[in-house]
Amino acid sequence: MSFRGPKGTDDILPPESRRWRELLRSWDLLSEQYGYAYVATPLFESTDLFARGVGEATEVVEKQMYSFEDKAGRNLTLRPEITAGVLRAYIQAGLSGEFKGSYSGPCFRYERPQEGRRRQFWQLGVEYLGANHSEADLEVIELGYRYLLDCGLGEVVVHVNSIGDASDREAYHSRLADWLNERRHLLSDQAQRRIRSNPLRVLDSKADQEVVSEAPKPVDYLGKDGLEHYEQLLAGLTERGIAYRQAPRLVRGLDYYTRTVFEYIPPGYTAAQNAVGGGGRYDGLSRLLDGPELPGVGLALGLDRIISAAGSSPPARALDVFLVVADQNRRSLAHAFARRLRSAGVRCDLVAGYRSVRAQFKAADRRDAAAAVVIGDEWDDGMVTIKDLSSGYEQVIPAGEVAMWVVDGGAVPR
Ligand code: AMP
């Protein structure tokens with residue numbers, strides 16, 4: 001028998017895993033620079049949290065949840081997204097006021113697997129709780145935008161829309177439901193069912209795009225405050241040099257959004273299915289989860305999609321140096337040298353146990369080291385031979401300068 005990973009899941013192995021680590025690290029760094037503190041919540045939560053938080057009439061809750069009963073009969077679900085969990089954690093901890101949290105981790109949705117659509121996938125996100133000003137929305141959009149540019153995605157365009165507050169939506173919902181009802185015969189079965197339960201959802205039904213492209217727009221139904229918020233948002237995007245486009249029928253897949261919704265579309269992609277991330281404001285979510293009145297805005301990016309959209313850039317070398325011990329009597333000395341190099345931030349390794357010099361050089365290549373450092377007779381004079389494994393160029397340098405050699409890029413051909 002041979003085991004295979006479950007359908008729609010991926011193993012992340014080297015060398016690709018290096019790119020993953022790199023992108024995760026730069027996410028942590030950038031979100032910290034914007035003042036977001038790391039948060040981690042459970043991979044599973046009570047099923048009700050998502051049913052309520054994400055919305056009963058959504059694709060995610062209707063069809064895509066990995067739900068199960070545990071041995072005590074509790075109804076649990078592997079998280080299909082992370083916002084609801086973060087809100088739950090904030091409320092449970094009795095926090096109040098502003099809170100800026102950042103996270104990354106796997107999410108689970110039972111979808112038909114294809115490139116960029118996996119059953120286990122990674123989300124990176126932030127939630128900015130307790131702030132209702134449009135500057136909070138702008139900060140979140142800017143953070144995601146900058147991150148995607150840093151990932152090498154090129155000319156990302158932010159598609160934005162405002163779907164209004166609960167009060168704006170009442171008028172809009174009934175107008176939209178009427179409009180859809182008049183065209184009922186043209187709509188898919190699912191869309192027909194949703195006219196009553198959740199008319200907004202019909203706007204992003206793939207099968208009904210032609211019909212809904214003429215539907216009334218939420219922005220035409222915004223109240224005074226909602227309109228002002230949206231206008232400030234658009235002006236702020238321009239001021240910050242963020243490339244955006246208004247997408248008047250963008251509603252996104254989860255129910256909890258109010259006012260601002262947005263998606264990041266990479267260059268060469270169209271909006272259908274190709275967002276690498278998105279988010280929006282969710283001022284009603286906390287109340288929905290029995291929490292306090294608490295505005296919030298957030299975003300989630302899909303790491304799997306970022307990596308496939310960014311294309312394959314040659315990953316950096318796995319190791320800076322590989323130590324080759326020419327004289328076996330110097331093995332423990334070589335280990336001590338490795339420890340010093342590692343403390344100095346050099347990614348350094350060597351084989352375990354005795355191997356011939358030839359075998360050690362082979363190992364250096366296989367381990368994708370940028371350079372080999374040979375510890376031989378020169379050691380007595382405080383020297384080592386360093387060999388650039390790409391160019392073959394060799395040099396004898398003081399052992400104490402190996403770390404500098406790496407920092408200066410001597411070992412990494414540029
Ligand atoms: P959503 O929570 O649906 O707005 O998703 C936010 C982001 O997560 C999307 O823009 C995608 O980049 C990513 N994402 C969502 N579902 C999947 C999936 N099944 N596979 C890979 N990435 C996904």
Side-chain angles (χ1 to χ4, degrees), residues 5-12 16 20 23-24 27 41 43 45 49-51 53-55 57-66 77-87 102-127 137 140-141 143-145 147-148 151 153 156-161 163 200-201 203-206 247 250-258 260-267 269-282 285 296-310:
K7 188 171 171 185
T9 65
D10 302 295
D11 300 313
I12 301 156
E16 285 74 28
W20 281 72
L23 294 183
L24 284 167
W27 173 252
T41 58
L43 293 195
E45 298 270 2
L49 176 72
F50 300 116
V54 175
T58 59
E59 199 90 342
V60 170
V61 171
E62 276 180 355
K63 297 193 194 144
Q64 299 176 345
M65 297 215 294
Y66 278 95
T77 293
L78 297 183
R79 64 183 185 193
E81 55 94 60
I82 303 182
T83 303
V86 172
L87 248 289
S102 142
Y103 55 79
S104 60
C107 295
F108 308 85
R109 292 184 194 174
Y110 191 80
E111 298 205 67
R112 187 177 303 165
Q114 50 182 264
E115 163 113 20
R117 196 186 304 155
R118 317 300 296 153
R119 290 183 173 171
Q120 175 173 327
F121 59 96
W122 279 67
Q123 278 196 347
L124 319 177
V126 293
E127 311 297 346
D137 310 39
V140 166
I141 294 176
L143 165 58
Y145 185 72
Y147 180 72
L148 293 171
C151 290
L153 244 56
V156 173
V157 177
V158 186
H159 287 203
V160 285
N161 191 20
I163 58 174
L200 213 59
R201 292 249 54 83
L203 293 187
D204 72 350
S205 158
K206 293 282 162 305
L250 174 65
V251 291
R252 296 188 36 76
L254 317 176
D255 254 5
Y256 48 59
Y257 292 109
T258 50
T260 310
V261 290
F262 59 90
E263 282 186 343
Y264 299 98
I265 311 294
Y269 284 79
T270 57
Q273 259 315 310
N274 286 314
V276 288
R281 176 163 281 285
Y282 44 81
L285 182 58
V297 54
L299 73 82
L301 305 170
L303 189 52
D304 309 70
R305 289 195 194 165
I306 292 172
I307 285 176
S308 52

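In each ligand, atom 1 is the first atom listed, and ligand 1 is the first ligand listed.
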Fill in: Tyr110/Tyr66 aromatic ring centres below 6.0 Å
yes
Practice prompt. For Ala300, take its heavy atoms, then give the atoms of ligand 1 lying under 4.0 Å from any of them.
Written response: 6 (C), 7 (C)
Worksheet item: Is the shortest N/O to N/O distance between Glu111 and ligand 1 below 3.5 Å?
Response: yes
Practice prompt. Would you check if Trp20 and Asp304 make a side-chain contact, meaning some heavy-atom pair closer than 4.5 Å?
Written response: yes
Discussion item. If the cut-off is 4.0 Å to any non-hydrogen atom of Ala275, which atoms of ligand 1 fall inside it?
Written reply: 10 (O), 12 (O)
Worksheet entry | Donor-acceptor pair, side chain of Arg117 and main chain of Gly8, under 3.5 angstrom | no
Worksheet item: Tell me, do Tyr103 and Thr83 make a side-chain contact under 4.5 Å, heavy atoms counted?
Response: yes
Practice prompt. Tell me which protein heavy atom sits closest to atom 21 (C) of ligand 1, plus the residue, atom name and distance to 0.1 Å.
Written response: Gly116 O, 3.2 Å
Worksheet item: Got the closest protein heavy atom to atom 20 (N) of ligand 1, with its distance?
Response: Arg118 N, 2.8 Å
Fill in: Nearest-0.5 Å distance, CG of residue Leu78 to CD of residue Gln64
13.5 Å
Discussion item. Using every non-hydrogen atom in the two residues, find where Pro80 and Val60 come nearest and quote the distance to one decimal.
Written reply: CB-CG1, 3.6 Å
Worksheet entry | Taking atom 6 (C) of ligand 1 as the reference point, the nearest protein heavy atom with its distance | Gln123 NE2, 3.4 Å
Worksheet entry | Any donor-acceptor pair under 3.5 Å from Arg119 side chain to Glu111 backbone | yes
Worksheet entry | Protein heavy atom at shortest distance from atom 14 (N) of ligand 1 | Phe121 CE1, 3.5 Å
Discussion item. Minimum distance, heavy atoms only, to atom 2 (O) of ligand 1: which one of Arg109, Glu81, Glu59, Arg252 is it?
Written reply: Arg109
Worksheet item: What do you reckon, does Gly277 have a nitrogen or oxygen under 3.5 Å from a nitrogen or oxygen of ligand 1?
Response: yes
Worksheet entry | Selection from Asp10, Thr83, Val276 by shortest heavy-atom distance to atom 12 (O) of ligand 1 | Val276
Practice prompt. Look at atom 9 (C) of ligand 1 and say which protein heavy atom is nearest, naming residue and atom and giving the distance to 0.1 Å.
Written response: Arg305 NH1, 3.9 Å
Discussion item. With side chain to side chain contact (heavy atoms under 4.5 Å, CB included) as the test, pick out the partner of Trp122 among Leu303, Ile306, Ile307, Leu301.
Written reply: Leu303
Worksheet entry | atom 13 (C) of ligand 1 - nearest protein heavy atom and its distance | Gly302 CA, 3.6 Å
